[in-house]
Protein chains: 4
Amino acid sequence: MSRAGRTRPAEEAAPTTAWRRPPGRPRDPMAEQRILDAAIEEYLAAGIAGFTMDRVARRAGVGKSTVYLRWPDKDTLLVESVLARSGGIEDVDTGSLRGDLVELAGNLMRFLLDPVGFASLRVAVESVATRPHRRVAIEIGERHLAAATRVFERARARGEHVDEHAATLLTDCIYGAVTIRVLRRGPDQHRAPDDADITNSCAALVDSLLPLLDR
Amino acid sequence: MSRAGRTRPAEEAAPTTAWRRPPGRPRDPMAEQRILDAAIEEYLAAGIAGFTMDRVARRAGVGKSTVYLRWPDKDTLLVESVLARSGGIEDVDTGSLRGDLVELAGNLMRFLLDPVGFASLRVAVESVATRPHRRVAIEIGERHLAAATRVFERARARGEHVDEHAATLLTDCIYGAVTIRVLRRGPDQHRAPDDADITNSCAALVDSLLPLLDR
Amino acid sequence: MSRAGRTRPAEEAAPTTAWRRPPGRPRDPMAEQRILDAAIEEYLAAGIAGFTMDRVARRAGVGKSTVYLRWPDKDTLLVESVLARSGGIEDVDTGSLRGDLVELAGNLMRFLLDPVGFASLRVAVESVATRPHRRVAIEIGERHLAAATRVFERARARGEHVDEHAATLLTDCIYGAVTIRVLRRGPDQHRAPDDADITNSCAALVDSLLPLLDR
Amino acid sequence: MSRAGRTRPAEEAAPTTAWRRPPGRPRDPMAEQRILDAAIEEYLAAGIAGFTMDRVARRAGVGKSTVYLRWPDKDTLLVESVLARSGGIEDVDTGSLRGDLVELAGNLMRFLLDPVGFASLRVAVESVATRPHRRVAIEIGERHLAAATRVFERARARGEHVDEHAATLLTDCIYGAVTIRVLRRGPDQHRAPDDADITNSCAALVDSLLPLLDR
DNA sequence: TGTTAATCGAGACGGTACGTCCCGTCTTGGA
DNA sequence: TCCAAGACGGGACGTACCGTCTCGATTAACA
């Protein structure tokens with residue numbers, strides 16, 4: 001997620017040394033967010049084809065130099081905008097493994113059905129193919145995986161016996177099936193399905209797969 | 001897969017009437033394939049960034065007009081090139097359901113690990129998001145799905161009892177898991193994994209999921 | 001005015017030998033004129049920029065090959081179309097030298113004020129600059145000059161003494177002045193000047209210049 | 001001669017207010033001339049057929065955008081290039097009316113015999129026909145006319161009596177005759193005629209026409 | 001109170017590719 | 001052999017962006 005720009009205080013490692021503001025006019029702290037927002041809005045409005053640095057800068061009320069000072073090129077800006085927006089795959093904790101998994105699957109499905117969320121899938125797939133951005137895909141993957149991992153850890157902490165292999169399998173199947181099903185219908189099919197529908201179908205999926213844990 | 005060009009004999013609805021060649025010089029029947037080939041070669045050589053209509057035309061030994069007569073724009077040409085190349089998800093028939101499924105999963109994984117195959121995934125994901133090409137994604141999906149469907153039908157024909165729901169679930173899980181795992185490592189990680197490795201991991205996946213069929 | 005096409009009977013020198021029709025389908029005798037007409041219409045309608053071989057052929061109801069069989073390229077067709085249309089600088093004969101010259105000047109002015117006539121000036125100037133068509137400019141010049149020459153010859157035949165040099169000078173001045181004046185106001189200034197106006201101004205011009213003949 | 005670009009200081013009407021540079025990077029003041037030069041060179045080297053925007057930009061060491069920022073299209077650039085080059089119809093002042101007129105006629109003839117000068121005639125004739133550029137023709141005309149006007153004014157200042165009508169007539173005849181004679185032989189007939197020849201023929205022309213001033 | 005230096009909005013710059021248009025040629029089946 | 005139709009290879013057009021650059025104006029910390 002690090003940008004090419006010069007380091008900022010928060011990211012510095014110097015623990016004891018006092019931080020000295022670099023000389024010159026400091027960067028506008030608002031610009032960053034304004035640009036990210038403008039980028040997402042442009043992307044959502046016009047798709048990847050209409051996504052133009054000039055337009056993003058214009059919409060953000062910012063000069064192009066201000067953009068290029070922070071992101072080295074268009075692709076990077078797009079990727080980071082999407083990532084910044086699709087950020088929080090919040091942790092889930094319903095008390096039971098089944099409940100957690102249903103919630104997890106539901107979250108992913110809701111996420112992918114949202115245009116920005118789906119965009120992060122596009123970005124991930126695209127970045128797998130373009131060497132320099134592969135990191136992005138991995139990061140997105142990790143983020144979702146981490147939530148699943150914690151769910152299983154909590155289950156073990158509760159005393160349930162969960163085989164490591166089975167857990168991985170379950171995760172891949174749940175995430176994979178959800179993804180493939182969303183791909184089959186596309187995001188935001190003009191009207192997303194009812195929240196209850198999502199939960200129901202995810203519950204059915206999880207219930208079908210749960211037996212795998214018992215060998 | 002039909003282009004914007006004028007109708008060709010095979011696509012005509014006229015049942016009894018003899019087909020009359022339209023007036024004027026007929027389109028070069030070779031050009032079509034030469035362009036598609038050149039497009040894939042350019043794409044593989046230079047990636048999406050270096051994919052240029054002029055270069056494709058040049059490589060195909062063709063004028064740009066000849067290209068634009070057949071495909072309305074760069075995106076469409078790229079998509080159809082990839083699709084044309086990623087065509088044959090051949091049918092599998094090993095005699096047993098388990099064997100078929102292992103083969104199916106292996107085919108998909110090998111397909112996705114190949115640059116052109118992975119490109120078709122990119123194209124599918126991208127086309128889900130861009131309304132005008134959604135058809136493409138569906139077509140790719142169908143193509144893979146059809147192979148799975150036939151496998152289950154053959155199983156039923158052999159007398160095995162296969163629940164409809166379970167079959168769908170199995171298909172989604174296998175395809176989903178394979179896809180997600182490929183996404184995790186990317187295509188053509190400089191050297192694709194051994195063919196035996198692929199088969200082994202697919203066998204493990206299928207064996208783990210097969211119990212789902214028995215409720 | 002000869003085209004690149006194969007020779008036609010009328011242009012042949014064979015005096016006594018019977019002319020044998022060449023084998024194959026004879027050329028459509030109408031096509032020639034239809035194409036010339038269409039060319040002028042297109043030129044007048046859209047100017048040189050909108051003058052397209054495809055459009056000319058289409059308007060003439062003719063295939064492009066039919067055009068190219070008769071004229072080797074666009075420029076030649078345009079030039080010959082204009083020339084064909086601006087053809088007749090009719091002879092004048094009013095009985096007196098002054099009358100003839102006034103008529104001559106008037107004809108030229110009317111000719112240049114007509115869009116097609118002015119086009120022939122454009123074509124002439126242009127063709128002076130483009131080596132391969134220089135012939136055209138000369139031809140146009142000759143055509144106008146010839147009329148003047150005949151006027152002076154007739155004057156001499158009537159017994160008037162007309163110095164050769166003075167005649168040339170007079171011709172150049174009359175034609176030159178008329179041309180320059182038309183250039184100053186442009187052709188078809190939405191509404192051409194009254195025919196009487198033209199005659200009057202030409203008469204004034206000629207009357208002013210006539211004394212030059214008496215040394 | 002003004003282009004579509006934004007206003008420059010000199011053209012501004014603000015009388016007392018200080019001029020403020022518009023925001024953004026100012027246009028490269030050299031580019032203008034470099035492009036005009038490159039255009040003329042291309043035109044002279046390859047004629048109108050080989051006159052390509054890409055080549056002009058390349059030769060000027062400039063991007064196409066830089067060209068199109070200043071001239072809206074190829075025709076306009078060509079016209080203005082020619083005009084810029086054919087600029088200086090210098091004033092003449094030999095002390096006598098006859099001397100001035102001979103000089104004037106000689107200048108015009110030399111001008112028209114030079115490829116660039118003749119090009120300006122082409123441009124003028126062409127622009128008379130194409131509404132949007134008519135201004136150009138007028139400007140070229142005025143420029144030459146002005147020199148003649150000043151000659152006659154000076155003559156009057158010297159006390160010579162010069163009738164207004166006669167002066168106009170003389171100008172039209174001289175310019176017209178010279179133009180028509182150049183048209184008859186074309187510019188740069190591989191080798192322009194000797195400078196003395198030009199002067200001689202112009203002197204003869206003027207001497208023949210001078211009597212017109214005395215009624 | 002300047003001086004220094006980085007950032008800001010704006011927009012011109014050198015490039016490159018797009019998709020369109022047209023030229024002059026070629027290739028059909030039919031006249 | 002010509003004809004109408006229209007595809008073909010080639011190449012220029014004018015547009016749109018990219019990522020860089022150059023302005024004058026700001027905005028701090030340092031002197």
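All chains are named by letter (A, B, ...) in the order of the sequence lines, taking the proteins before the strands, and each is independently numbered beginning at 1. These numbers were taken from a predicted model, which means no experiment stands behind them.
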So does [X] get a side-chain nitrogen or oxygen closer than 4.0 Å to the phosphate oxygens (OP1/OP2) of [N]?
X: C:R27; N: F:dC2; result: yes
X: D:R58; N: E:dT16; result: no
X: D:T66; N: E:dA12; result: no
X: B:R21; N: E:dG29; result: yes
X: A:R25; N: F:dG24; result: no

Considering all heavy atoms of both residues, which atom of [X] and which atom of [Y] are nearest to each other, and what is their separation?
X: A:R70; Y: A:A31; value: NH2-CB, 3.8 Å
X: A:V56; Y: A:A38; value: O-CB, 3.7 Å
X: C:I35; Y: C:V62; value: CD1-CG1, 4.1 Å

task: Record whether the side chain of A:K64 comes under 3.5 Å of the base of E:dG11 through a donor-acceptor pair of N or O atoms.
output: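 No pair found.
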- prompt: Quick one: does D:S65 reach the base of E:dG15 with a side-chain donor-acceptor pair under 3.5 Å?
  reply: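 Counting by modelled atom types and ignoring angles, a donor-acceptor contact under 3.5 Å is found here.
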Let me know the distance between [atom1] of [X] and [atom2] of [N], rounded to the nearest Å.
X: B:L69; N: F:dG9; atom1: CG; atom2: P; answer: 10 Å
X: A:I48; N: F:dC17; atom1: CD1; atom2: C1'; answer: 14 Å
X: C:Y68; N: E:dT27; atom1: OH; atom2: P; answer: 17 Å
X: D:L77; N: F:dA12; atom1: CG; atom2: P; answer: 16 Å
X: A:M30; N: E:dG9; atom1: CE; atom2: P; answer: 12 Å
X: D:R55; N: F:dG11; atom1: CZ; atom2: C1'; answer: 12 Å
X: A:D73; N: F:dT20; atom1: CG; atom2: P; answer: 9 Å

field: B:M53 side-chain proximity, nearest of E:dC18, F:dC8, F:dC17
entry: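 So the side chain of B:M53 is nearest to E:dC18.
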- request: Tell me which nucleotide among F:dA5, F:dC8, E:dC18 gets nearest to the side chain of B:P23.
  value: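 Closest nucleotide among those given: F:dA5.
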- prompt: So how far is it from A:E80 CD to A:L78 CG, rounded to the nearest 0.5 Å?
  reply: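 So the gap between those two atoms works out to 10.5 Å.
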message: Which is more 5' along DNA chain E, the nucleotide nearest B:D54 or the one nearest A:A31? Just name the residue.
response: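 Per heavy-atom nearest nucleotide, the more 5' residue is A:A31.
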query: On DNA chain E, nearest-nucleotide positions of C:D75 versus D:R34: which is more 5'?
result: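 This one resolves to D:R34.
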- prompt: Which residue, D:K74 or B:D28, contacts DNA chain F at a nucleotide closer to its 5' end, judged by nearest heavy atom?
  reply: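 Counting from the 5' end, the first nearest nucleotide belongs to B:D28.
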- prompt: Without hydrogens or angle criteria, can the side chains of A:Y43 and A:R122 be said to hold a donor-acceptor pair below 3.5 Å?
  reply: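 Short answer, yes.
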